[in-house]
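Given the structure is predicted, the values throughout are model-derived calculations rather than measurements. A note on names: the letters A, B, ... follow the listed sequences, proteins ahead of strands, and every chain is numbered from 1.
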2 protein chains.
Amino acid sequence: MNDVQKTGSDSAERPGAKTSARRADLRARLVAAGRAAVAEGGLQNLKARDLAAAAGCAVGAIYNVFDDLDDLILRIGADTLARLEQGLAAPPGPAPEPAEELLRLACGYFSFARADKALWRALFEHRLAGGRPAPAWYLEDQSRLFALVEAPLARLLPDEPASSRALLARTLFSAVHGVVSLGLEEKLAPMPEAILEAELERLVRAFAAGLTLLPPG
Amino acid sequence: MNDVQKTGSDSAERPGAKTSARRADLRARLVAAGRAAVAEGGLQNLKARDLAAAAGCAVGAIYNVFDDLDDLILRIGADTLARLEQGLAAPPGPAPEPAEELLRLACGYFSFARADKALWRALFEHRLAGGRPAPAWYLEDQSRLFALVEAPLARLLPDEPASSRALLARTLFSAVHGVVSLGLEEKLAPMPEAILEAELERLVRAFAAGLTLLPPG
DNA sequence: GAGAAAAATGAACGACGTTCAAAAAACCGG
DNA sequence: CCGGTTTTTTGAACGTCGTTCATTTTTCTC
């Protein structure tokens, strides 16, 4: 409903430029305040009145630039996804062995989750009201994560069809996510992080080794 | 409001028997009503006033038999865990190949999650207020699930130390959970269930095959 | 600069989990 | 059985939440 892309430089000529700039600025301040609130106390700590106070606006102003808090939470999630993608970016240099690269991604994912626990949690904890599906722009942000896994998989399994590899990338991502997710879960018996990382390595190495034995699917 | 039938025979012997029986009955009715509410509309659909209406008691009565709604949710979760454990019980007959048994458990887990999606989700969606740790009785209910995985793992890796196997059981459970969890996640691009099950099989088979190649850890 | 249009405001609304003074029920010695 | 005491149950009330909308303030147009 509210796509404001106008971040033009001149304010006097274009009608509504000042307003759009203020709206964009308010959006940014609200996302920043929301991210800080979630980072501090989880999704439960995201309160409309606190947000308004932190961003220096009225509570009603939130609803001028976002449909509702769910909308704001999705933007925070997109931010988190972008930072995660950035944190998993491949370092320069020659491409390592596929299994080593997969392991690097898995450990990077764990590292990110550990460092930004509350924000990372919010990615999966949050449910859209009424079971609505996530907007397309959010799904695209996610698919970039799976793509990071797909590249080393292609080198590991050159005979695998591309469609099958895409599924496999999501599966491997999901498996690593599961280990990290339940590993950091406070409702389960706690796990030392060093052990968790060793288990992650065992999962990725065993899975990668086993994959090369299975027939292509 | 509530008619209490006086049996007359047991009221004289046990002091407070009638009271504790009513409390136990109320607990059961509240858990049943809560489970129905969660099954219908997720954790968000669990409202104190609705619960009281469904169980035929005052809102305050909930707090006579539960600390708070978190407490009630944990009981619902324990119920769900018990039904899951029951659904994963090994069928009679000779023990199959370890990998096949692991696959059966994974598919059983997926089947349960699919059939009781909202209740299964509630197991992981729910966070205790203030980041409190889960009570011991709840952790014990969970550990029984990991134990189901440990048995076939012991046959698959007879040279693995028991402590390492316990970790591995939790890791494999977590990996399968991750695939099921993100597979059924509505905030991700949807996955057909048949494909999801095939991916689950690929994960378990590759992991089991790869494990036998890795050195014991 | 004045009048029209658009945006920002914050008090008000309904719903939520939880509490607690009061009412009801259970208990117990005579 | 009864009257006084204790325990349990009750539901109106409280504080907080996300969200709305009549009012005020700002921006735009001529």
Side-chain angles (χ1 to χ4, degrees), chain A residues 1-2 4 6 8 10-27 29-30 33-34 37-38 41-74 126-130, chain B residues 1-8 10-27 29-30 33-34 37-38 41-74 126-130 132:
Chain A
M1 273 296 183
N2 38 35
V4 180
K6 302 188 173 183
D10 50 352
S11 59
E13 313 207 345
R14 201 182 10 223
K18 207 182 292 185
T19 293
S20 307
R22 292 218 302 172
R23 283 170 63 100
D25 190 56
L26 179 58
R27 278 179 73 95
R29 271 182 295 143
L30 283 171
V38 171
L43 270 182
Q44 299 174 336
N45 197 38
L46 194 82
K47 319 282 178 72
R49 285 165 182 79
D50 292 351
L51 276 179
C57 69
V59 285
I62 299 172
Y63 298 89
N64 293 335
V65 293
F66 292 108
D67 294 344
D68 47 28
L69 288 194
D70 272 3
D71 188 12
L72 170 56
I73 291 172
L74 283 179
H126 176 246
R127 294 265 161 286
L128 285 82
Chain B
M1 275 292 181
N2 288 340
D3 287 6
V4 177
Q5 306 232 344
K6 295 195 169 188
T7 54
D10 59 340
S11 63
E13 325 185 342
R14 272 196 320 229
K18 212 183 296 186
T19 291
S20 45
R22 290 216 302 173
R23 282 172 64 101
D25 190 56
L26 179 58
R27 277 179 74 94
R29 271 182 296 144
L30 283 172
V38 172
L43 268 182
Q44 300 174 337
N45 197 39
L46 196 82
K47 320 281 177 70
R49 285 166 181 79
D50 292 351
L51 276 180
C57 70
V59 286
I62 298 172
Y63 299 88
N64 293 334
V65 292
F66 292 107
D67 294 343
D68 47 28
L69 288 194
D70 273 4
D71 188 13
L72 171 54
I73 290 172
L74 283 178
H126 177 245
R127 295 262 161 287
L128 285 82
R132 291 177 303 182

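The salt bridge (charged side-chain N to carboxylate O under 4.0 Å, His left out) test applied to Asp71(B) returns Arg75(B), not counting sequence neighbours. The side-chain contact (heavy atoms from CB on, under 4.5 Å) search around Arg49(A) returns Val59(A), not counting sequence neighbours. Evaluation of the side-chain hydrogen bond (donor to acceptor under 3.5 Å, both in side chains) rule for Asp70(B) yields His126(B) as partners, not counting sequence neighbours. Residues satisfying the salt bridge (charged side-chain N to carboxylate O under 4.0 Å, His left out) criterion with Arg27(B), sequence neighbours excluded, are absent altogether.
To the nearest angstrom, P of dG17(C) lies 11 Å from CG of Leu72(B). Atom-to-atom, CZ of Phe66(B) to P of dT19(C) comes out at 15 Å; the value is rounded to the nearest Å. Atom pair Arg22(A):CZ and dA7(C):C1' shows a separation of 8 Å (rounding to whole Å applied). Rounded to whole Å, atom C1' of dC16(C) lies 13 Å from atom CD of Gln44(B). Nucleotide dA6(C) holds its C1' atom 10 Å from the CZ atom of Arg23(A), rounded to whole Å. When the C1' atom of dC16(C) is taken as reference, atom CG of Leu51(B) falls 13 Å away, rounded to whole Å. Spacing between atom CZ of Arg27(A) and atom C1' of dA8(C) amounts to 17 Å, rounded to whole angstrom units. Whole-Å rounding puts the Asp71(B) CG to dG17(C) P distance at 15 Å.
At a threshold of 4.5 Å between non-hydrogen side-chain atoms, the residues Leu51(B) and Leu72(B) count as touching.
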Indicate for each nucleotide in nucleotides 14-21 of chain D, in 5' to 3' sequence, whether protein heavy atoms under 4.0 Å reach the base (B), only the sugar-phosphate (S), or nothing (-).
-> ---BBBB-
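The list of salt bridge (Lys or Arg N to Asp or Glu O under 4.0 Å) pairs with a residue in residues 55-68 of chain B, not counting sequence neighbours, reads Asp68(B)-Arg132(B).
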